[in-house]
Protein chains: 2
Amino acid sequence: MFSKATEYALRATIYIAQKGSEENKLGINEIAEAIGSPRSFTAKIMQLLTRDHRVVSAVRGPNGGFYISEKSKNLPVRAILEAMGEEHVLDKCVMGLKLCSEKQPCPMHSKYKIIRKQLIKLFVVKTIRQLSSEIKDGVVFIHQGKKGKKI
Amino acid sequence: MFSKATEYALRATIYIAQKGSEENKLGINEIAEAIGSPRSFTAKIMQLLTRDHRVVSAVRGPNGGFYISEKSKNLPVRAILEAMGEEHVLDKCVMGLKLCSEKQPCPMHSKYKIIRKQLIKLFVVKTIRQLSSEIKDGVVFIHQGKKGKKI
DNA sequence: ATATTTATGGATAATTTTGTCTCTAATTCT
DNA sequence: AGAATTAGAGACAAAATTATCCATAAATAT
Ligand code: FES
Ligand code: FES
C-alpha cells in the first residue's frame with residue numbers, strides 16, 4: 001500500500017512518540033534498530049519528517065536527537081503521510097485511473113469508495129498519540145525481530 | 001496501492017472481458033489504446049495474464065488476439081492479482097511489519113484489519129464478469145482520455 | 001509454399017525507489 | 001577555544017519497476 005519509506009516513517013514516528021520526549025531524545029541509531037530499518041535510509045526519511053518541525057523535531061549535538069512535541073502528538077496519522085508526500089495514496093483510483101471521481105468512475109469505484117472512506121477516516125481520526133499509547137497499553141509491535149521485539 | 005503493471009492488468013482484463021469474445025479477439029494495440037497504457041509494456045503484462053490460460057487466452061496470427069473464456073469471466077478479480085503476483089498486497093501489514101498477525105500486531109492492526117477484510121472480500125466476491133457488465137450497464141470508465149473515454 | 005498478421009521472448013534502456021557514504025553544521029562539554 | 005557528539009545535506013550506488021525494441025514463432029490467407 002505505502003512505499004518502504006512511508007512504512008519506516010510510520011514506524012519511526014510512533015516509536016519516537018512512545019519512547020522519547022523533549023527531555024529524552026532518541027538517536028538515529030536507536031530508532032533504526034528499534035524499528036528494523038536501514039540506518040542511513042531512515043536518517044533521510046527523518047529529514048522529511050522534521051523539516052519545519054512538521055511532525056518530528058530534531059536537535060543536533062550531544063544529547064541531541066529526535067523527539068515529538070506534545071502538540072505534535074495530537075496530529076492525525078495522516079500528517080505522517082503528508083510529510084512523506086504520500087497522502088494521495090488514500091485518494092487514488094484502485095484501478096489506476098488518473099482521477100478518481102463520481103463523474104468518471106472505474107468499474108470498482110462504487111464498491112471501493114465505501115472501503116476507502118473508512119481508510120481515510122482511520123488516518124484522520126487516529127492521532128500519533130493514540131497509536132503510541134496503544135504500544136504502552138497492550139501487546140503491540142513496531143518491529144518483528146528474532147523473537148519479536150516488543151517495545 | 002497496486003503497481004502500475006497490476007493496474008494495467010486490471011483495466012486490460014476488464015476491457016477484454018467486456019469488448020471481446022472468442023469470436024472477436026482484441027489486439028494488443030486496441031487494448032493499450034483503450035485503457036491508456038504503454039503498448040509494449042502492456043504486451044509484457046498480457047504474457048503474465050495468459051500463461052496457462054490463467055485468466056486471459058491468446059492466439060497468434062491473423063484474426064488472433066486476446067479474449068477471455070466465459071468460464072474465466074467467472075473468476076474473482078483476485079485472480080488478476082494472483083496472475084500478477086500481487087495478491088499479497090491485500091494481506092500486508094499497513095505499517096510494513098514482515099508479517100501481519102494477531103500474535104504480533106502493529107499499532108494500526110486492530111482497526112485496519114476490519115477495513116482490509118472488506119477489501120479482500122471485494123476482490124474475492126466480485127467476478128471479472130460482474131465488473132465488465134458494469135461497464136455495459138452504466139456510466140463507467142476504464143480510461144480517461146481527453147474528454148473521458150467511455151467504452 | 002509464401003506472404004501477412006499477430007503474439008512471444010529476450011535483451012536492453014529509462015526511471016524511480018531504496019540504500020550508502022562522507023563531509024558539513026550545530027550543539028554541548030571540558 | 002577545542003574536542004566530541006549528533007543531525008543535515010549532497011553525491012553516489014544498487015535494486016526494482018516501468019518501458020521499449022527487435023527477432024522469432026505460430027497461425028491464417030492467398
Ligand atoms: S474511479 Fe476508480 S476508485 Fe474511484
Ligand atoms: S500487523 Fe500491521 S496490519 Fe496487521
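By convention in this document, chain letters (A, B, ...) are assigned in the order of the sequence lines, proteins followed by strands, and residues within each chain are numbered from 1. None of these values were measured; they are calculated from a predicted model.
Counting any heavy atom pair closer than 4.0 Å across all strands shown, A:Leu26 reaches sugar-phosphate atoms only and no base atom.
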In 5'-to-3' order, the base (B), backbone-only (S) or no-contact (-) status of each nucleotide in nucleotides 23-30 of chain D, using a 4.0 angstrom heavy-atom cut-off, is --BBBBS-

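Under the side chain to side chain donor-acceptor pair (under 3.5 Å) criterion, B:Asp52 pairs with B:Arg54, sequence neighbours left out. Residues that satisfy the ring pair (Phe, Tyr, Trp, His ring centres under 6.0 Å) test with B:Tyr67, not counting sequence neighbours, are absent from this structure. Here B:Thr6 pairs with B:Ser3, B:Glu86 under the side chain to side chain donor-acceptor pair (under 3.5 Å) rule; sequence neighbours left out.
Heavy atoms from other residues, nucleotides or ligands lying under 6.0 Å from CG of A:Asn74 number more than 12.
At D:dA7, none of the side-chain N or O atoms of A:Gln47 fall inside 4.0 Å of OP1 or OP2 (strictly under the cut-off). Neither OP1 nor OP2 of D:dA7 sits under 4.0 Å from any side-chain N or O of A:Thr50.
Between A:Phe123 and A:Phe2, the distance from one ring center to the other falls under 6.0 angstrom.
Residues in residues 101-111 of chain B take part in these salt bridge (charged side-chain N to carboxylate O under 4.0 Å, His left out) pairs, two or more places apart or across chains: B:Glu102-B:Lys113.
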Output a table of nitrogen or oxygen pairs between the protein and nucleotides 13-20 of chain C separated by less than 3.5 Å.
unit_1	atom_1	unit_2	atom_2	d
C:dT18	OP1	A:Lys4	N	2.9
C:dG19	OP2	A:Tyr8	OH	3.3

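In terms of heavy-atom proximity, B:Leu49 sits nearest to B:Ala83 at CD2-CB, 3.9 Å.
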